Protein chains: 2
Amino acid sequence: MEPIDVFKALSNETRLNILEWLKEPEKHFPKQGAHLPKEVSYKGGVCVGDIQEKAKVSQSTVSSYLNMMQRAGLLESIRHGQWTYYRRNEEFILQLAKYFKTEI
Amino acid sequence: MEPIDVFKALSNETRLNILEWLKEPEKHFPKQGAHLPKEVSYKGGVCVGDIQEKAKVSQSTVSSYLNMMQRAGLLESIRHGQWTYYRRNEEFILQLAKYFKTEI
DNA sequence: TTGACATATCGATAAATCTAGATATACAAT
DNA sequence: ATTGTATATCTAGATTTATCGATATGTCAA
């Protein structure tokens, strides 16, 4: 884990919002998973377009935000067809909270 | 609390180090408190010069780092004579860990 | 009150980040 | 094969941050 990359990823209001929204995807992204066929389950995953729409930044911006957050460890993703679904990496975030409590 | 200011303050290796060092001031700053008269107790406080020496950045840089960290809430300070002593704001940091656990 | 010292603030430049639009890639549907 | 759609990557200008040296401020000691 690279704490500095994590903190940088968290140093931006939109990225922080995305992380919050993804705590309750069904609440913040009503049409969540609309493209996912039943047999593919990726619980909590939301596609880039839906996130972009809510975040109100350009497509390239949201894409690089998501990539950055994933590289930092905060998010994980799968690609399914033409869509990429992102969701929180809860395991990592739990570790992070522990790190924060003991190391900061 | 302004999470973004906190995360920005934590997004730098030197500042992160300072925060770590101040967890154990007597260990990292052997001459700590040398200028403080006995009757003034500011437990854990370390003066700017000592921090600068250890951090190996310019005086102006360390001063602005410390100011930034204080504005974010991570540090607190008192001035005594010509010295300013900084120490961790443990209460704030505890709140921060809670925030992190519940909000991130 | 002058000189020395600790710290803070200012001003400048280099480096990094932000963010968008344009373009590329990958897949789906016709 | 071609077209349309979703996402990723590239490029570039604007903004922000990093960091220093110079200067200002405040305090102590002679």
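The shown structure was predicted, so the numbers you read here are calculated from the model rather than taken from an experiment. Atom set for the values below is all heavy atoms of this structure, side chains included, hydrogens, waters and symmetry mates excluded.
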- Query: If only side-chain N and O atoms of B:Ser60 are considered, is one of them under 4.0 Å from the OP1 or OP2 phosphate oxygen of C:dC10?
  - Reply: no

- Message: For D:dC28, does the base pair up with any side-chain atom of B:Gln82 as donor and acceptor (N or O, under 3.5 Å, distance only)?
- Response: no

- Note on the structure: Taking for A:Arg79 and for A:Asn12 the nucleotide of DNA chain C with the nearest heavy atom, the one nearer the 5' end belongs to A:Asn12

- Out of D:dC20, C:dT7, C:dT17, whichever nucleotide has its closest atom nearest the side chain of B:Trp83: C:dT7

- Task: Using a heavy-atom cut-off of under 4.0 Å over every strand shown, decide if B:Ser58 touches base, sugar-phosphate, or nothing.
- Result: base

- Take atom CD in B:Glu20; do more than 12 heavy atoms of anything else shown fall under 6.0 Å from it? yes

- Item | A:Tyr86 side-chain N/O to D:dA8 phosphate OP1/OP2 under 4.0 Å | yes

- Message: Rounding to an integer number of Å, can you tell me how far B:Gln52 CD sits from C:dA6 C1'?
- Response: 10 Å

- Item | Euclidean distance, A:Leu74 CG relative to A:Leu22 CG, rounded to 0.5 Å | 10.5 Å

- Using the closest heavy atom to pick a nucleotide of DNA chain D for each, name whichever of B:Met68 or B:Gln59 lands nearer the 5' end. B:Met68

- Task: Please tell me which of the listed nucleotides, C:dA6, C:dG21, C:dA8, lies nearest to the side chain of B:Ser63?
- Result: C:dA8

- How long is the line joining CZ of B:Phe7 and P of C:dT17, in whole Å? 17 Å

- Please give, in whole Å, the distance from D:dT17 P to B:Leu10 CG? 15 Å

- Rounding to 0.5 Å, atoms CG (A:Asn67) and OH (A:Tyr86) come to a distance of 5.5 Å

- A:Leu16 CG to A:Glu13 CD distance, which is reported to the nearest 0.5 Å: 7.5 Å

- Message: Rounded to whole Å, how long is the line connecting atom OH of B:Tyr65 with atom P of C:dT9?
- Response: 17 Å

- Item | Presence of A:Arg15 side-chain N/O under 4.0 Å of C:dC18 phosphate oxygens OP1/OP2 | yes

- Query: Is the shortest side-chain N/O distance from A:Asn67 to OP1 or OP2 of D:dT7 below 4.0 Å?
  - Reply: no

- Message: Are more than 12 heavy atoms, taken from residues, nucleotides or ligands other than B:Lys101, located less than 6.0 Å from that residue's NZ atom?
- Response: no

- Please report, rounded to the nearest Å, how far the C1' atom of C:dA16 is from the NZ atom of B:Lys8. 13 Å

- Query: The side chain of B:Thr84 lies closest to which of these nucleotides: D:dT19, C:dC27, C:dA8?
  - Reply: C:dA8

- Query: Whole-Å distance between D:dA18 P and B:Leu16 CG?
  - Reply: 13 Å

- Provide, to the nearest angstrom, the distance between the NE2 atom belonging to B:His80 and the P atom belonging to C:dT7. 13 Å

- Query: Does CD belonging to A:Glu90 count more than 12 external heavy atoms closer than 6.0 Å?
  - Reply: yes

- Query: According to a strict under-4.0 Å criterion, is B:Thr61 in side-chain N/O contact with OP1 or OP2 of D:dT19?
  - Reply: no

- Query: CD1 of B:Ile51 versus C1' of C:dA6: gap in Å, rounded?
  - Reply: 13 Å

- Taking the side chain of B:Val48 as its heavy atoms from C-beta onward, which of C:dA8, C:dC27, C:dA22 lies nearest to it? C:dA8

